[in-house]
Amino acid sequence: MSDFFRDVSPAGLARANELNLQAFKRLIGVEFGGEVVEKPGLTLTVTLIPYPFFNGVADAHLTAASAAQAIAEASAYFAARQSPWAWSIGPSTEPANLSDVLLAAGFAEDDPEPAMGMDLEKLTRFPGPSGLRIERVRTPELLAVWQRTAVEGFGMPSEASAIFARTTPTTNLADDAPMRQYLGWTGDVPVATCLLVLAAGVAGIYTVSTVERMRGRGIGAAMTTAALREAREMGYRVGILQASAIGYPVYERLGFREHFRYRVFVAPRMPA
């Protein structure tokens with residue numbers, strides 16, 4: 001298919017990461033009970049989940065002259081909805097000094113997020129520990145199990161986790177859904193999650209989590225490769241993700257390479 005992203009150069013993999021993440025943020029703005037708002041040079045997404053990752057700027061191409069006003073308008077928008085939010089800056093974000101403008105507006109810089117990518121033709125099979133079973137979530141009952149397992153694996157704050165569990169969309173269960181959940185089991189116990197996002201012609205990996213007692217056994221790597229192998233079978237050439245500190249060396253062993261780091265700025269809470 002001509003719409004698959006096929007540029008596996010370092011610059012191409014960097015661009016693929018931005019395109020998939022931007023598309024993912026637009027998807028969750030709709031799927032998680034919120035909305036996507038297109039403004040001049042700016043796309044905002046908001047959900048019902050009170051956690052910065054789920055709310056913020058999906059894409060920004062502003063001028064140096066318009067940045068401060070755009071930040072003020074975005075802040076007012078999220079304040080009116082009492083929603084915590086964050087602004088991630090990648091290589092294509094404009095203007096070049098946006099980080100300085102955000103800091104001047106009271107934003108706090110969080111830890112950077114490594115943007116990694118790989119050519120899926122180089123992906124190898126990684127089965128994980130003996131007894132691990134991985135399945136795609138296809139029923140509302142399994143979706144509820146996936147939600148609880150992801151909440152446990154990430155240690156999500158209770159307020160955010162309660163809403164997350166109520167709003168994860170059942171549209172993901174369709175055969176052609178762009179977002180697909182995978183659940184890992186040992187015996188009859190759910191122990192791991194992964195989310196595959198097929199968007200912008202790219203296979204994106206998100207929500208890789210393993211419950212604490214089962215970490216360090218290669219389960220996260222197995223979940224990641226299982227999802228990406230399915231994407232490759234569909235014709236996808238490029239896989240991307242944003243790595244945590246724990247996951248970074250795991251993804252490197254799988255063949256992912258870092259191409260840049262997103263700078264993440266968390267907005268100050270404002271009165272509605």
Side-chain angles (χ1 to χ4, degrees), residues 1-31 36 38 41 43 45 57-61 88-94 96 112-128 134 136-137 171-182 193-208 220-244 247-264:
M1 292 178 62
S2 60
D3 56 347
F4 289 134
F5 193 100
R6 297 193 178 278
D7 183 355
V8 294
S9 69
L13 292 173
R15 184 58 182 151
N17 201 297
E18 285 193 286
L19 290 172
N20 187 267
L21 180 60
Q22 291 163 6
F24 175 49
K25 289 185 176 182
R26 288 180 170 90
L27 282 170
I28 63 175
V30 174
E31 298 282 7
V36 179
E38 301 284 354
T43 301
T45 63
V57 176
D59 195 15
H61 298 282
S88 295
I89 294 180
S92 71
T93 306
E94 298 172 313
E113 295 180 347
M116 307 184 80
M118 73 172 297
D119 179 352
L120 293 183
E121 289 190 357
K122 299 179 180 179
L123 181 69
T124 60
R125 186 170 180 268
F126 191 94
I134 300 172
R136 182 178 166 193
V137 172
T171 52
N172 290 359
L173 306 178
D175 285 342
D176 60 349
M179 296 196 295
R180 303 169 178 222
Q181 290 104 336
Y182 297 82
T193 65
C194 179
L195 175 66
L196 175 66
V197 177
L198 303 174
V202 177
I205 293 293
Y206 300 87
T207 325
V208 178
M223 298 292 294
T224 300
T225 54
L228 289 176
R229 283 172 62 85
E230 183 171 308
R232 185 176 65 182
E233 290 170 1
M234 297 172 64
Y236 287 84
R237 176 72 185 272
V238 170
I240 65 93
L241 52 81
Q242 296 84 48
S244 65
Y248 191 101
V250 175
Y251 299 130
E252 276 198 317
R253 289 194 294 271
L254 295 179
F256 281 90
R257 295 294 178 263
E258 179 182 333
H259 299 290
F260 67 91
R261 294 198 170 198
Y262 289 101
R263 295 183 67 183
V264 182

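Predicted model only: the values in this text are computed from it and were never measured.
Contact annotation: the side chain of Arg26 approaches that of Asp59 to within less than 4.5 Å [non-hydrogen atoms, C-beta and beyond]. Looking at heavy atoms from C-beta onward, Pro114 lies in side-chain contact with Arg261 at the 4.5 angstrom threshold. With contacts defined as side-chain heavy-atom distances shorter than 4.5 Å, the pair Glu18/His259 does not qualify. Residues Val8 and Lys122 fail the side-chain proximity criterion, which asks for heavy atoms closer than 4.5 Å. Between Arg257 and Glu252 the shortest side-chain heavy-atom distance falls below 4.5 Å. Side-chain contact between Met223 and Tyr182: present, with at least one pair of heavy atoms (C-beta onward) separated by less than 4.5 Å. Side-chain contact between Asn17 and Tyr262 is present, with heavy atoms from C-beta onward closer than 4.5 Å. For the pair Ile205/Leu195, no side-chain contact is recorded, criterion being any heavy-atom separation below 4.5 Å from C-beta on.
Taking all atoms of both residues into account, the shortest heavy-atom contact from Arg6 to Gly235 is NH2-O, 3.6 Å. Of all non-hydrogen atoms in Ala203 and Tyr236, the two that sit nearest each other are N-CD2, 3.9 Å. Scanning all heavy atoms of the two residues, the minimum distance from Thr93 to Ser88 falls at OG1-O, 4.2 Å. Closest approach of Gly239 to Leu228, counting heavy atoms only: CA-CD2, 4.3 Å. The two atoms that bring Tyr251 and Thr224 nearest to each other are CE2-OG1, 3.6 Å, heavy atoms only. Listed here is the closest heavy atom pair of Lys25 and Val57: NZ-O, 3.5 Å.
We find the CG-CG distance between Leu13 and Asp119 to be 7.5 Å, quoted to the nearest 0.5 Å. Between Glu113 atom CD and Ile89 atom CD1 the span is 12.0 Å, to the nearest 0.5 Å. Between the CD atom of Gln181 and the CG atom of Leu196 there is a distance of 10.0 Å, given to the nearest 0.5 Å. A distance of 9.5 Å separates CG in Leu19 from CD1 in Ile240, rounded to the nearest 0.5 Å.
By the ring pair (Phe, Tyr, Trp, His ring centres under 6.0 Å) test, Phe24 is found to be paired with Tyr206, residues two or more places apart in sequence or in another chain being considered. Evaluation of the salt bridge (charged side-chain N to carboxylate O under 4.0 Å, His left out) rule for Arg232 yields no partner, not counting sequence neighbours.
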Side chain to side chain contact (heavy atoms under 4.5 Å, CB included) for Thr225 and Leu123? Distances and angles first, verdict last.
CA-CA 7 Å; Thr225 54; Leu123 181 69; 3.9 Å; yes
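The backbone N or O of Val137 lies less than 3.5 Å from no partner atom in the side chain of Arg180, so there is not a single donor-acceptor pair.
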